[in-house]
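Throughout, residue positions are numbered sequentially from 1 according to the sequence presented.
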Amino acid sequence: MKTKSLFIFAMGAVILGLFSCAINTNATRSNSAINTQAEQEIKIAGSNSVYPALEVLASAYEVKNPTTKVSILTPSSSKAGIAGVKDELLDIGTLSRELQQEEKAYKLEYYLLAKDGFLVATHPSVKNIINVTTEQLKGIYSGSIKNWQELGGPER
């Protein structure tokens with residue numbers, strides 16, 4: 001039986017940009033690379049934010065394992081990747097977040113592959129905003145922080 005696994009792929013925009021430049025989406029495997037052995041298929045789906053890096057990794061895996069075809073299915077969401085592995089429709093589910101507490105009950109193998117860098121910038125007119133915490137960023141994007149003054153900045 002195949003091992004079912006979940007991977008978190010969380011790549012920053014710069015890294016994804018570099019990977020996407022190296023992707024050859026029209027690449028096909030040569031017939032000489034496929035021998036007479038039965039071909040194994042690995043089905044992968046989940047969070048669409050990881051697909052540029054995933055395509056690079058899948059291509060490299062197929063080169064080293066010519067009797068294995070990696071099928072990267074239509075991108076969707078982390079939740080769909082988890083459900084697909086849980087229901088044995090996928091071999092690998094891709095996530096752009098950590099498993100939630102209720103998802104840990106599924107007893108799936110979970111591997112953190114990468115984390116992304118995140119940069120937040122403000123307009124030069126916004127002064128004295130330094131060392132913003134993750135919780136403060138959540139507050140800004142959720143709307144609970146509505147004024148720069150709440151973070152030590154100007155009344156705006």
Side-chain angles (χ1 to χ4, degrees), residues 2-27 41-65 68-156:
K2 297 180 196 173
T3 300
K4 305 297 180 186
S5 301
L6 295 172
F7 286 92
I8 278 190
F9 287 89
M11 302 291 181
V14 173
I15 293 172
L16 287 177
L18 291 174
F19 278 133
S20 64
C21 291
I23 296 172
N24 180 357
T25 57
N26 295 324
E41 181 179 24
I42 299 173
K43 294 179 186 173
I44 304 174
S47 175
N48 63 354
S49 63
V50 306
Y51 273 50
L54 183 58
E55 289 175 340
V56 171
L57 294 171
S59 292
Y61 187 85
E62 286 180 333
V63 167
K64 291 198 175 265
N65 299 278
T68 302
K69 179 182 185 319
V70 179
S71 296
I72 303 172
L73 307 177
T74 304
S76 56
S77 66
S78 296
K79 190 172 187 173
I82 293 167
V85 172
K86 180 180 77 84
D87 296 339
E88 298 186 8
L89 300 171
L90 299 173
D91 299 301
I92 298 174
T94 59
L95 311 177
S96 57
R97 61 171 174 79
E98 293 186 21
L99 283 174
Q100 296 172 354
Q101 193 60 40
E102 63 273 10
E103 295 165 339
K104 292 178 181 178
Y106 300 142
K107 305 284 186 214
L108 302 169
E109 291 183 41
Y110 170 83
Y111 301 94
L112 174 63
L113 185 65
K115 288 190 174 187
D116 64 341
F118 189 65
L119 172 72
V120 177
T122 61
H123 189 272
S125 67
V126 178
K127 305 281 186 201
N128 299 322
I129 304 291
I130 55 173
N131 297 325
V132 176
T133 67
T134 301
E135 288 306 310
Q136 290 170 322
L137 283 173
K138 287 178 184 178
I140 291 168
Y141 287 104
S142 71
S144 65
I145 295 177
K146 298 179 189 275
N147 192 312
W148 289 119
Q149 195 171 35
E150 296 176 59
L151 300 175
E155 168 65 43
R156 292 193 185 144

(request) Using side chain to side chain contact (heavy atoms under 4.5 Å, CB included) as the criterion, list what pairs up with Lys104, not counting sequence neighbours. (result) Leu99, Gln101
(request) First locate atom CD of Glu103, then atom CG of Leu95, and finally report the distance between them rounded to the nearest 0.5 Å. (result) 7.5 Å
(message) Would you compute the distance between atom CD of Glu102 and atom CD1 of Ile82 and round it to the nearest 0.5 angstrom?
(response) 9.0 Å
(request) Name all residues meeting the side chain to side chain contact (heavy atoms under 4.5 Å, CB included) criterion together with Ser76; count only those two or more places apart in sequence or in a different chain, and write none if there are none. (result) Ala80
(request) Measure across Asn48 and Pro75 and return the closest heavy-atom pair with its distance rounded to 0.1 Å. (result) CB-CB, 3.2 Å
(request) Of all the heavy-atom pairs spanning Gln136 and Thr133, show the shortest one and how long it is. (result) OE1-N, 2.8 Å
(request) State, yes or no, whether a side-chain contact exists between Glu98 and Tyr110 at a heavy-atom distance under 4.5 Å. (result) yes
(message) Would you say NZ of Lys86 has more than 12 non-hydrogen atoms from neighbouring residues, nucleotides or ligands within 6.0 angstrom?
(response) yes
(request) Over all heavy atoms of both residues, which pair between Val70 and Tyr61 is shortest? Give the atoms and the distance, please. (result) CG2-CD2, 3.9 Å
(message) Please check this pair: side chain of Ser47 against backbone of Thr94, looking for a donor-acceptor N/O pair closer than 3.5 Å.
(response) no
(message) Can you tell me how far apart CG (Asp91) and NZ (Lys43) are? Round to the nearest 0.5 Å.
(response) 7.5 Å
(request) To the nearest 0.5 angstrom, please state how far the CG atom of Leu151 sits from the CD1 atom of Ile145. (result) 4.5 Å
(request) Measure the shortest side-chain to side-chain distance between Leu54 and Ile72 over non-hydrogen atoms and say whether it is less than 4.5 angstrom. (result) yes
(request) Measure the shortest side-chain to side-chain distance between Tyr106 and Val85 over non-hydrogen atoms and say whether it is less than 4.5 angstrom. (result) no
(request) Indicate the atoms forming the closest heavy-atom contact of Tyr51 with Ile44, along with that distance. (result) OH-O, 4.1 Å
(request) Under the side-chain hydrogen bond (donor to acceptor under 3.5 Å, both in side chains) rule, collect the residues that match up with Ser71, sequence neighbours excluded. (result) Glu41, Lys69
(request) Enumerate the residue pairs fulfilling salt bridge (Lys or Arg N to Asp or Glu O under 4.0 Å) with a member in residues 137-156, sequence neighbours excluded, ordered by first and then second residue. (result) Glu135-Lys138
(request) Identify the heavy atoms of Ser125 and Pro154 that sit nearest to each other, and give their distance. (result) O-CG, 4.3 Å
(request) Kindly say whether Leu89 contributes a backbone atom to a donor-acceptor pair with the side chain of Asp87 at under 3.5 angstrom? (result) no
(request) Run the numbers on Leu57 and Leu113 for side chain to side chain contact (heavy atoms under 4.5 Å, CB included), then give the verdict. (result) CA-CA 12 Å; Leu57 294 171; Leu113 185 65; 4.1 Å; yes
(request) Please tell me if the side chains of Val120 and Ile140 come closer than 4.5 Å, counting only heavy atoms from C-beta onward. (result) no
